There are 2 protein chains.
Amino acid sequence: MKDITQKLVGLLKSGYCTPQIARIAKKLQEPSTTLHYNIKKLEKEKAVLAYKAVFDYKKIDEGFCTYCLISLAPDEYGNPERIGKLLAQFNEVESVDICTGDWELVLKVRVKDQDAYYHFVKNIVPRKGIIKIISLVSFKQMKTEFVTLE
Amino acid sequence: MKDITQKLVGLLKSGYCTPQIARIAKKLQEPSTTLHYNIKKLEKEKAVLAYKAVFDYKKIDEGFCTYCLISLAPDEYGNPERIGKLLAQFNEVESVDICTGDWELVLKVRVKDQDAYYHFVKNIVPRKGIIKIISLVSFKQMKTEFVTLE
DNA sequence: AAAGATAATTGAATATTATTCGAAAATTAA
DNA sequence: TTAATTTTCGAATAATATTCAATTATCTTT
């Protein structure tokens with residue numbers, strides 16, 4: 001049997017979706033052509049970056065979620081974006097922010113379990129420029145990507 | 001003129017989208033009916049919570065983003081979910097996690113600017129049960145919701 | 001204020017796309 | 001091995017997005 005699921009999840013995680021114009025039109029009581037026009041405008045302005053799926057990550061083997069607070073070496077202060085860009089490339093990384101304060105980078109990371117996270121931190125993160133990492137492990141996700149769980 | 005944009009953004013932020021089966025079918029070189037079946041299966045299993053838009057938040061007046069680390073009072077340790085649930089209800093809150101360590105709650109918050117954030121923290125967060133809040137302000141978002149910026 | 005330019009709204013027609021259905025193949029259970 | 005269940009997939013249909021052209025509204029310039 002083909003296992004399409006993995007590929008499917010991979011695509012839907014960051015794209016390959018589209019707005020439901022007819023449903024929105026009904027909801028807002030406006031002609032669908034008007035909504036079509038307004039949606040295309042948002043897209044043209046690049047206010048919309050993507051249309052995507054939000055998952056119950058436990059069910060797609062990404063149940064272990066952490067916030068990763070990263071301190072950079074002083075010689076990296078100049079361009080935290082270098083390391084940020086590097087970390088953004090990993091599929092396990094949901095978000096990368098360059099922040100104020102003691103931790104110059106904040107990541108949100110999703111992996112299968114603690115072992116996978118250990119592997120992530122051990123092999124992937126300790127690149128030169130990173131001085132210290134604090135991991136805040138999520139026990140329970142109550143809201144994600146503006147979507148409330150349960 | 002109707003200002004549909006606000007309502008539109010509100011809906012697309014957490015739903016009212018759908019997968020593009022034909023496009024996925026072409027990409028994966030599979031019949032669209034097979035993909036349809038597999039997508040419906042994911043939905044039935046509730047592995048998919050929603051289909052939604054990801055925005056360039058600067059362009060929809062939510063350019064100010066922070067991570068909010070919250071310490072709870074000892075008498076709230078028993079059910080951090082009470083406060084979590086409460087905070088999850090705000091539109092400004094992208095995510096709520098119950099975490100290990102010094103901060104029992106971690107929020108991701110999006111508002112227009114620093115003033116709006118001050119208002120959020122001042123009026124909304126200081127509910128009984130919350131002892132301390134640390135705000136990590138994002139200077140630059142390099143990746144959000146699995147979508148890379150730029 | 002007026003005139004012209006630009007942007008937004010909308011219905012009708014068309015093009016795409018999702019969905020249903022049924023049959024066959026594959027997998028799993030007994 | 002057989003029976004039950006799940007998955008694949010083509011053909012037909014239903015639903016939806018998109019294009020187009022005309023009208024209305026808004027903004028700009030004088």
Side-chain angles (χ1 to χ4, degrees), chain A residues 1-63 91 112-113 144-147, chain B residues 1-63 91 112-113 144-147:
Chain A
M1 193 128 307
K2 311 176 176 180
D3 196 9
I4 291 174
T5 314
Q6 299 307 314
K7 292 177 191 169
L8 196 49
V9 167
L11 293 182
L12 293 176
K13 202 192 268 185
S14 60
Y16 287 90
C17 295
T18 194
Q20 293 180 291
I21 298 182
R23 195 152 82 90
I24 297 170
K26 190 170 288 175
K27 172 83 173 179
L28 299 184
Q29 297 280 23
E30 299 285 351
S32 68
T33 46
T34 301
L35 286 165
H36 182 267
Y37 175 85
N38 278 278
I39 288 171
K40 290 304 156 193
K41 194 164 74 101
L42 281 173
E43 292 173 4
K44 235 170 262 161
E45 292 164 352
K46 309 225 173 175
V48 175
L49 298 176
Y51 302 104
K52 57 154 287 184
V54 176
F55 293 97
D56 183 339
Y57 293 95
K58 290 188 298 284
K59 295 192 178 155
I60 58 164
D61 276 345
E62 299 186 21
N91 291 328
K112 188 180 179 188
D113 52 29
T144 317
E145 297 153 85
F146 292 108
V147 176
Chain B
M1 193 126 312
K2 310 176 174 181
D3 196 8
I4 290 174
T5 314
Q6 300 308 314
K7 292 176 190 171
L8 197 48
V9 168
L11 293 182
L12 293 176
K13 201 191 270 184
S14 58
Y16 287 89
C17 295
T18 193
Q20 293 180 292
I21 297 181
R23 196 152 82 90
I24 296 169
K26 191 170 288 173
K27 173 82 173 179
L28 299 184
Q29 298 280 24
E30 299 285 350
S32 68
T33 46
T34 300
L35 286 164
H36 182 267
Y37 175 84
N38 279 277
I39 288 171
K40 290 305 155 191
K41 193 164 75 104
L42 282 174
E43 293 174 3
K44 234 169 264 161
E45 292 164 351
K46 311 227 173 171
V48 176
L49 298 176
Y51 301 105
K52 56 155 287 180
V54 176
F55 294 96
D56 184 339
Y57 293 95
K58 290 189 299 284
K59 297 192 177 153
I60 57 164
D61 276 345
E62 300 186 20
N91 291 328
K112 187 180 179 187
D113 52 29
T144 317
E145 297 152 86
F146 292 108
V147 177

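This is a predicted model, so every value here is computed, not measured. Heavy-atom basis, side chains included; hydrogens, waters and symmetry copies ignored. Proteins get letters first, then strands, A, B, ... in listed order; numbering begins at 1 in each.
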Is it the case that atom NZ in K112(B) sees more than 12 heavy atoms from other parts of the structure closer than 6.0 Å? no
Is any side-chain N or O of K41(A) closer than 4.0 Å to OP1 or OP2 of dA7(C)? no
Protein-nucleotide distance (Y37(B), atom OH; dA23(C), atom P), rounded to Å: 18 Å
Can you tell me how far P of dT18(D) sits from CD of E43(A), to the nearest Å? 8 Å
Backbone N or O of L12(B) within a donor-acceptor pair of the K52(B) side chain at under 3.5 Å? no
To the nearest Å, how far apart are H36(B) NE2 and dA15(D) C1'? 11 Å
The side chain to side chain contact (heavy atoms under 4.5 Å, CB included) partners of K7(A) (sequence neighbours excluded) come to L28(B)
Using the side chain to side chain contact (heavy atoms under 4.5 Å, CB included) criterion, which residues pair with K26(A)? Sequence neighbours excluded. none
Mind listing the closest non-hydrogen atom pair of Q20(A) and C17(B) along with its distance? OE1-O, 3.4 Å
Where along residues 48-56 of chain B does a heavy atom fall under 4.0 Å from DNA chain C? none
Without decimals, in angstroms, what is the distance between E30(B) CD and dA25(C) P? 17 Å
Rounded to 10°, the angle between the first-five-pair and last-five-pair axes of the helix from dA1(C)-dT30(D) to dA30(C)-dT1(D) is 60°
In whole angstrom, what separates I39(A)'s CD1 from dT16(D)'s C1'? 12 Å
Spacing of D3(B) atom CG relative to dA8(C) atom P, expressed in whole Å: 10 Å
Within the structure, does a side-chain N or O atom of T34(B) lie under 4.0 Å from either OP1 or OP2 of dC9(D)? yes
Sequence neighbours excluded, which residues qualify as side chain to side chain contact (heavy atoms under 4.5 Å, CB included) partners of D113(B)? D115(B), A116(B)
Is any side-chain heavy atom of H36(A) closer than 4.5 Å to a side-chain heavy atom of K40(A)? yes
Within residues 10-24 of chain A: residues closer than 4.0 Å to DNA chain C (heavy atoms): none
When the distance from CD1 of I4(A) to P of dT8(D) is rounded to whole Å, what number comes out? 5 Å
